[in-house]
There are 2 protein chains.
Amino acid sequence: MATETVENYLKALLTLCDESPTGEAGLVRLAAVLGVTKGTATSMIKRLAEGKLVKAERYGGITLTGKGRRAATDVLRRHRLLETFLVRTLKLDWSTVHAEAERLEHAVSPLVIDAIDALLGHPSVDPHGDPIPDKSGQTRAASSRPLSACAMGDKTRLVRVADQEGAFLGFAARHGLMPGVRLTVLDADPQAQSMLVQAQGHDPVWLATAAAGKIAVEAGSD
Amino acid sequence: MATETVENYLKALLTLCDESPTGEAGLVRLAAVLGVTKGTATSMIKRLAEGKLVKAERYGGITLTGKGRRAATDVLRRHRLLETFLVRTLKLDWSTVHAEAERLEHAVSPLVIDAIDALLGHPSVDPHGDPIPDKSGQTRAASSRPLSACAMGDKTRLVRVADQEGAFLGFAARHGLMPGVRLTVLDADPQAQSMLVQAQGHDPVWLATAAAGKIAVEAGSD
DNA sequence: CTCTAAAGTTTGAGTACTCAAACTCTTGAG
DNA sequence: CTCAAGAGTTTGAGTACTCAAACTTTAGAG
Ligand SMILES: [Mn+2]
Ligand SMILES: [Mn+2]
Ligand SMILES: [Mn+2]
Ligand SMILES: [Mn+2]
């Protein structure tokens, strides 16, 4: 089994590679995500390459191998199942569970994670709307678009909040901006780069485009 | 916070000190429990002493300080609450939960352990009958005596199985030897150092005195 | 009281991870 | 086409933990 540190590097690489248009991750970005210096990241990448978990040539981009991607997906599955468990079973606030899962994901055995998966009824998304990979590593990603791309008058449904910071999640929850809620764009001012959105049953709130970009809504709605 | 390694040393020391008549733990025993060499244990004890977690003079016995005992009790509380949770909520087998809790005990925050404690209704004993320290570190130990001290004809109740090995726990469970069960000593042969015990609703089984010594029963019963 | 076996210590080395700081390579703005 | 800024690398050092093996101290059997 990989160490806790290696698992964290792999999970970060999975996100970075999948976000990147080239499919490759960069060292400086990786180091920033993990909170280490770039020298530290360089030597770890070298070790991951020796273990055939990543492919990386000198001064070139980093990609996960099949083995590395599989291991990373496993960590991500544990992370998201744990978040779901902490919210649904232990009633923790969704703005705190990310940090908890960040540690627990390295301590749960397959036995425990399977039991949690069964207890929750094999959920397909976590409390933030992120898809949970299944046991075989497959992810069924619901198609979506950023709320910031919506126009005035649009009615849609929130599917995902793509920010793990407790502060943003707390703000979002206070305004009802959680996965599943019906959403109406009451106003959108391109000059002010702001939009007024209302979650069903809550008061409307002004969001900057940057903030609205962190919220994903259903793809095919008017 | 102490590292995972330090927490394991403290928990082992708590058990060793409390088992010892002098209240002091020995290095060789400690090293054996933790699966390290005695040289390794020596240097760790030196570091724990620097951190005021233990008191140990050269070539003398090791005792936990108040600070060390408190930290150790906290780990033990987490361990036993987790075992209880794994058995009651996740339906894991009681013979497997010790190893799982051994890792999880270092990854759960106070927030999570409090939520688990509440979910379980503040249990006072774990699945093996071991007492769970409360939040303040207090332990209410039920008085008991070893089953090996019982005589033929005794009827009593099992309160604790003092062995964390999966093999012994599996054997015990197969014969109904779990905390709470009514027990009858059908026969006791001092020469053979064996006794025939029956758990209510199960077939009788012959136990050597050594094995019966790992089972604790109610103190004040005939 | 002596002496040796067991308990405890020390030393030197190795792995995993980290940083700071000096360095080299690549790339795109001009 | 050039050359600096940014990306990536290397080096030297430090912390936490570990082992093997040589060593010293203690205590109890005789
Ligand atoms: Mn993590
Ligand atoms: Mn999440
Ligand atoms: Mn442990
Ligand atoms: Mn137990």
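So you know, we letter chains A, B, ... as the sequences are listed, proteins then strands, and number each from 1.
A salt bridge between A:Asp117 and A:Arg77 is present, with a side-chain N of the basic residue lying under 4.0 Å from a carboxylate O of the acidic one.
Residues meeting the salt bridge (Lys or Arg N to Asp or Glu O under 4.0 Å) test with B:Lys52, sequence neighbours left out: none. With sequence neighbours left out, A:Arg88 forms a side-chain contact (heavy atoms from CB on, under 4.5 Å) with A:Thr84, A:Leu120, A:Pro123. Taking A:Val33 as the reference, A:Ala12, A:Leu16 meet the side-chain contact (heavy atoms from CB on, under 4.5 Å) condition, with sequence neighbours excluded. A:Ser124 is linked by a side-chain contact (heavy atoms from CB on, under 4.5 Å) to nothing, counting only residues two or more places apart in sequence or in another chain. Partners of A:His98 under the ring pair (Phe, Tyr, Trp, His ring centres under 6.0 Å) rule, at least two apart in sequence or in another chain, are A:His79. For A:Lys214, the salt bridge (Lys or Arg N to Asp or Glu O under 4.0 Å) partners are A:Asp163, not counting sequence neighbours.
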Provide a list of protein-nucleic acid N or O atom pairs under 3.5 angstrom, restricted to nucleotides 9-16 of chain D.
residue	atom	partner	partner atom	Å
D:dT9	OP1	A:Tyr59	N	3.4
D:dT9	OP2	A:Thr42	OG1	3.4
D:dT10	OP1	A:Arg58	NE	3.3
D:dT10	OP1	A:Arg58	NH2	3.3
D:dT10	OP2	A:Lys46	NZ	2.9

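Near DNA chain D, defined here as any heavy-atom distance below 4.0 Å, there are no residues from residues 11-21 of chain B.
Applying the side-chain hydrogen bond (donor to acceptor under 3.5 Å, both in side chains) test to every pair with at least one member in residues 29-39 of chain B, sequence neighbours left out, gives these pairs: B:Thr37-B:Thr40.
The residue B:Gly61 sits apart from the nucleic acid: no heavy atom pair falls under 4.0 Å.
In this structure, CD of B:Glu24 is placed 14 Å from C1' of C:dA7, rounded to the nearest angstrom.
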